[in-house]
Participant: 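I have a structure here, written as structure tokens, and I will follow up with some questions on it.
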Amino acid sequence: MDPDDTAATGRSSPVPGRARLLVSCADRPGIVAAVSRFLFDHGANILDADQHSSDPRGGGTFSMRMAFERPAAAGPLSQLGVAFEREVAHPFAMRWRLTDAGRPKRIAVLVSKVEHCLVELLWRRRAGDFDDDIVMVISNHDTLRSVVEPFGVPFHHLPIGAGGKAAQEAHVLERLGGDVDLIVLARYMQILSPAFVARYRERIINIHHSFLPAFSGGRPYHRAYERGVKLIGATAHYVTDELDEGPIIEQDVVRVTHRQSVRDLQRLGREIERTVLARAVALHLEDRILVHGNKTVVFA
């Protein structure tokens, strides 16, 4: 969250009038000045700013995130966006995104039978660590219903039945209803179709239980054990059509030795998976990620 988004209780909450602007474009002098002047001219007060150039000597890509506050009497945020496109974005050929930090984002979690990543997200929701809300959990198994319902989150069991995966995925999309801002795959052991991914481009986060690009695909802990690796890890990334190849958001590792079994690796890995996924979700919710091709700029 932005520094001023935290109440005295430590619980984060959306604040009316606050917004976030993310931009990227070819690097050149004057970008920061132009954006800052625009916000000043439209009555905004900048609360937090961060920027990065991939090559400050010239020819690089410039990325920036600004969090700001607008007066209560300001017009709709969409109106500010129209003005920004005309006055700043178009002259600088920017890719940009303007989001309302006062509107909670709606999160759907997809899960199969493994609970640790799901429970971590539910705990953080209950503790108020996210500005936003988990509005549903969808699973192709009924195993975790008793885990989810005590948190007050609707649980939807949508099994893969006689109609196959395509029919089940259609049911998932129907349940999502086009009213979800982020989908989190918390060890959801199904591959989403290209049509599904395209519908939620850069809005689906997956946790993979290895330090990508090593050991993509299935049974990564078994393969890591067979190779005798000394580090295992977890990777949170955006989902694309290529399995485990999407832009990486967050990663972490833990050291292991020859004394540890596959089960030991799985136990250690669960701890990393939980924290890596939670950090990635928080970064997305706080609009701290810009995607460039298959890479990300993360304003941590």
Side-chain angles (χ1 to χ4, degrees), residues 1-8 11-107 130-133 179-182 200-203 238 247 249 280-293 295-300:
M1 73 201 76
D2 298 311
D4 293 79
D5 286 353
T6 305
R11 181 185 176 90
S12 60
S13 58
V15 180
R18 294 194 177 176
R20 302 175 185 128
L21 174 65
L22 287 89
V23 304
S24 65
C25 60
D27 196 2
R28 59 187 257 201
I31 301 171
V32 176
V35 175
S36 300
R37 169 56 65 176
F38 171 84
L39 292 176
F40 174 79
D41 288 344
H42 287 265
N45 179 37
I46 297 171
L47 303 173
D48 185 63
D50 199 355
Q51 64 199 55
H52 170 74
S53 175
S54 63
D55 187 357
R57 296 167 297 182
T61 298
F62 178 84
S63 304
M64 181 169 63
R65 175 188 185 271
M66 280 190 172
F68 60 92
E69 189 170 35
R70 305 168 70 221
L77 193 62
S78 59
Q79 183 177 319
L80 184 70
V82 170
F84 183 77
E85 170 64 28
R86 179 181 64 251
E87 298 175 30
V88 182
H90 181 72
F92 283 91
M94 288 178 173
R95 292 176 58 239
W96 62 279
R97 183 169 80 246
L98 183 63
T99 61
D100 183 354
R103 185 187 74 84
K105 293 185 177 67
R106 295 167 57 84
I107 309 163
F130 296 145
D131 289 349
D132 309 273
D133 197 17
D179 193 28
V180 168
D181 300 293
L182 175 66
Y200 292 93
R201 181 175 174 269
E202 295 175 11
R203 291 190 292 151
Y238 285 119
I249 302 169
V281 169
L283 289 166
H284 180 96
L285 295 178
E286 294 164 12
D287 300 301
R288 294 185 179 276
I289 308 167
L290 274 171
V291 176
H292 294 293
K295 294 182 179 180
T296 58
V297 173
V298 178
F299 297 107

Participant: When you compare the side chain of His284 with that of Tyr238, does any pair of heavy atoms fall below 4.5 Å?
Facilitator: yes
Participant: Calculate, to the nearest 0.5 Å, the distance between atoms CG and CG belonging to Asp100 and Leu98 respectively.
Facilitator: 8.5 Å
Participant: Do the non-hydrogen side-chain atoms of Asp181 and Arg103 ever get within less than 4.5 Å of each other?
Facilitator: yes
Participant: For Ala89, check side-chain contact (heavy atoms from CB on, under 4.5 Å) against everything at least two apart and list the hits.
Facilitator: Phe84, Glu85, Met94, Trp96
Participant: Decide yes or no for Arg65 and Asp48: does some side-chain heavy atom of the first lie under 4.5 Å from some side-chain heavy atom of the second?
Facilitator: yes
Participant: Do side-chain atoms of Ser54 reach the backbone of Thr61 as a donor and acceptor pair under 3.5 angstrom?
Facilitator: yes
Participant: In the structure I gave you, are the side-chain heavy atoms of Pro247 and Glu202 within less than 4.5 Å of one another anywhere?
Facilitator: no
Participant: To the nearest 0.5 Å, tell me how far Leu22 CG sits from Met66 CE.
Facilitator: 11.0 Å
Participant: Nearest heavy-atom pair of Val291 and Gly293: which atoms, and what distance?
Facilitator: CG1-O, 3.5 Å
Participant: Of all heavy-atom pairs between His42 and Ala83, which one has the smallest distance, and what is that distance?
Facilitator: CE1-CB, 3.9 Å
Participant: Quiz question: by atom type and distance under 3.5 Å, do the side chains of His292 and Ser63 form a donor-acceptor pair?
Facilitator: yes
Participant: Please name the pair of heavy atoms, one in His90 and one in Arg86, separated by the smallest distance, quoted to 0.1 Å.
Facilitator: CB-O, 4.4 Å
Participant: Report yes if some heavy atom in the side chain of Asp27 is under 4.5 Å from a heavy atom in the side chain of Asp55; otherwise report no.
Facilitator: no
Participant: Rounded to the nearest 0.5 Å, what separates atom CD1 in Ile249 from atom CD1 in Ile289?
Facilitator: 4.0 Å
Participant: What is the minimum heavy-atom distance between Val298 and Thr296, and which atoms define it?
Facilitator: CG2-OG1, 3.6 Å
Participant: How far apart are the closest heavy atoms of Phe38 and Glu87, and which atoms are they?
Facilitator: CD1-OE1, 3.4 Å
Participant: Would you call Arg70 and Leu80 a side-chain contact if the rule is heavy atoms closer than 4.5 Å?
Facilitator: yes
Participant: Enter the distance from Asp133:CG to Leu285:CG here, rounded to the nearest 0.5 Å.
Facilitator: 10.5 Å
Participant: For Tyr200 and Val180, which heavy atoms make the closest approach, and how far apart are they?
Facilitator: CE2-O, 3.8 Å
Participant: With side-chain contact (heavy atoms from CB on, under 4.5 Å) as the criterion, how do Phe92 and Arg28 come out once you've worked through the C-alpha distance, each side chain's angles and the decisive distance to 0.1 Å?
Facilitator: CA-CA 9 Å; Phe92 283 91; Arg28 59 187 257 201; 3.5 Å; yes
Participant: How long is the straight-line distance from CZ of Arg18 back to CG of Asn45, given to the nearest 0.5 Å?
Facilitator: 9.0 Å
Participant: In Å and rounded to the nearest 0.5 Å, what is the CD1 to CD distance from Ile31 to Gln51?
Facilitator: 9.0 Å
